[in-house]
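What you see is a predicted model, and the numbers here were worked out from it, not measured in a lab. Labels below follow one simple rule: chain letters A, B, ... track the order of the sequence lines, proteins then strands, and each chain is numbered from 1.
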2 protein chains.
Amino acid sequence: MNVYSFFIPLTHKLEIMPVLKKSEIKRAALVKATIHLVNNQGFHAAPMSKIAKMANVSPATIYIYFENKQDLVNQVYKEVKAEYMQYAFETFNADASIAEGFELVWRRMAEYKLKDIEKGFFLSQCENTPMIDTSSRQDGIKNLKPLLDLWDRGITEGIIKPLSHQLLYAFSIYPLAFLLNAEKRGDLKITTAHLNEAYQAAWASITQ
Amino acid sequence: MNVYSFFIPLTHKLEIMPVLKKSEIKRAALVKATIHLVNNQGFHAAPMSKIAKMANVSPATIYIYFENKQDLVNQVYKEVKAEYMQYAFETFNADASIAEGFELVWRRMAEYKLKDIEKGFFLSQCENTPMIDTSSRQDGIKNLKPLLDLWDRGITEGIIKPLSHQLLYAFSIYPLAFLLNAEKRGDLKITTAHLNEAYQAAWASITQ
DNA sequence: CTGTAAAAAATGAATGTTTATTCTTTTTTT
DNA sequence: AAAAAAAGAATAAACATTCATTTTTTACAG
């Protein structure tokens, strides 16, 4: 329920709402504030009032852009995940060799997470929390398809070990999250050398 | 501040308190309830009142055993982590070969997480949350020493890749957490075959 | 072993905050 | 001037924690 309810008859709401123009600047500020607060205090300490204050907005304004807190967090998750996937596969070429294709995607993923640690860390925060709906999570996974296809092709060609996608992901992609978290905590400064070593390890773990 | 404060002069408190007997049954019930609730709803939806109800205890009773919520969560984390490490290294033998030693520890870790998914999942929930103090986290890591020593020996012997502990951990141990989470979500049923494949991948990723 | 009084543990209800969300009004945009 | 966006203040529920009592356990004198 939001402010439009009082002006627009219920039957027209659905068709009219998408036409409404809203200031996307405030929305972006809210998204950014949400990411930052969740990262530094966790979901349990990112109240709407703080998010509003950090975005220089009244708490009430949040409800113009988002239905409620659950919706806010899930929308932010979906947007960041989509951006991440978009970046990872932007330079992807399905005709490249398995080795080339995998290295390209792997490095783009690493690059994204390193260039925007806030967003990368936010995504790993979301990975295990029940705050994110199952549907949002599935929504985020579906963009992974080109990589899964690549793996399947690699398995057929005898280059990649015949493992489930889950296992391949767990050993070649998931470790990046650990390194990122270590960096965020200050336990590690990821260098180019580290990244090359990590790539070697990832490739070694999934190839015959 | 707790109930003893009114009966015991401040100067005697520290020496006298450890002698006090308390019913460890209630405390254990609280620990179990905390793990269960945090696992299924996240930290943000595990209020003291619910924890108390699930442990069949009054909310006030929690404060006899724990200082506050932060303390409760951190104590639970430290206990579970200690139990996990104890289990992982129980059969460890520093004289075994690198390969044998690593496989033993790796399988014990996997075994622990699989035999008690609730606790295993709780630990991964804690891995990224700011609810856990830095000191609690360091406390949990220090038990990992035998594995780190094994790696160092393996590096000297030219068996293990000369990588930082962080990288070795990220690729050989951390993936287990992903598989566990997938199992908890119902996306995967971990079989003995999976486990063997996972072990091979772990070993491949860190060896020359 | 038993009765008893002090200590400790446990409780339900109370407290004061914090929270998400909504209401009413004002400001900005169209 | 109408519609939309934004705001601050209001609301009601949820929360962590404490308070005032009651119940249980402990220690030990007889």
Which atom of A/F43 lies closest to which atom of B/H44, heavy atoms considered = C-CB, 4.4 Å
Is the cationic atom of B/R108 (NZ for Lys, CZ for Arg) positioned less than 6.0 Å from the six-membered ring centroid of B/F89 and within 45 degrees of its normal?
-> no
Whether each nucleotide of nucleotides 16-21 of chain C has a protein heavy atom under 4.0 Å at its base (B), only at its sugar-phosphate (S) or at neither (-) is summarised, 5' to 3', as ---SSB
Nearest whole angstrom, please: distance from the C1' of D/dA16 to the CD1 of B/I51.
-> 11 Å
For the pair made of CD1 in B/I64 and P in C/dA7, what is the distance, rounded to whole Å?
-> 17 Å
Should the ring pair A/Y169 and A/W151 be called parallel, tilted or perpendicular, given that the plane angle runs from 0 to 90° and is split at 30 and 60?
-> perpendicular
Interatomic distance where CG belongs to A/L30 and C1' belongs to D/dA7 [whole Å] | 13 Å
Would you say the side-chain atoms of B/K81 pair up with the backbone N or O of B/I141, donor to acceptor, closer than 3.5 Å?
-> no
Do A/D133 and A/Q70 have a side chain donor and acceptor closer than 3.5 Å?
-> yes
Rounded to whole angstrom units, what separation is found between the OH atom of B/Y65 and the P atom of C/dA8?
-> 13 Å
Rounded to the nearest Å, what distance is computed from the NZ atom of residue A/K26 to the P atom of nucleotide D/dA4?
-> 18 Å
Length of the CZ-C1' vector between A/F66 and C/dT22, whole Å = 18 Å
Are the side chain of A/R107 and the backbone N or O of A/Y199 linked by a donor-acceptor pair below 3.5 Å?
-> no
When B/E79 is tested against each of B/R27, B/K32, B/K119 for salt bridge (Lys or Arg N to Asp or Glu O under 4.0 Å), which residue passes?
-> B/R27
Can a side chain N or O of A/S58 be found less than 4.0 Å away from OP1 or OP2 on D/dA6?
-> no
Whole-Å distance separating the CD1 atom of A/I25 from the P atom of C/dT28 | 15 Å
Donor on one side chain, acceptor on other, A/N74 and A/R137, under 3.5 Å = no
Are any protein N/O atoms closer than 3.5 Å to N/O atoms in nucleotides 22-25 of chain D? If there are, list each pair with its distance.
none

Report the residues that fulfil side-chain hydrogen bond (donor to acceptor under 3.5 Å, both in side chains) with B/T134, sequence neighbours left out, ordered by chain and then residue number.
-> none
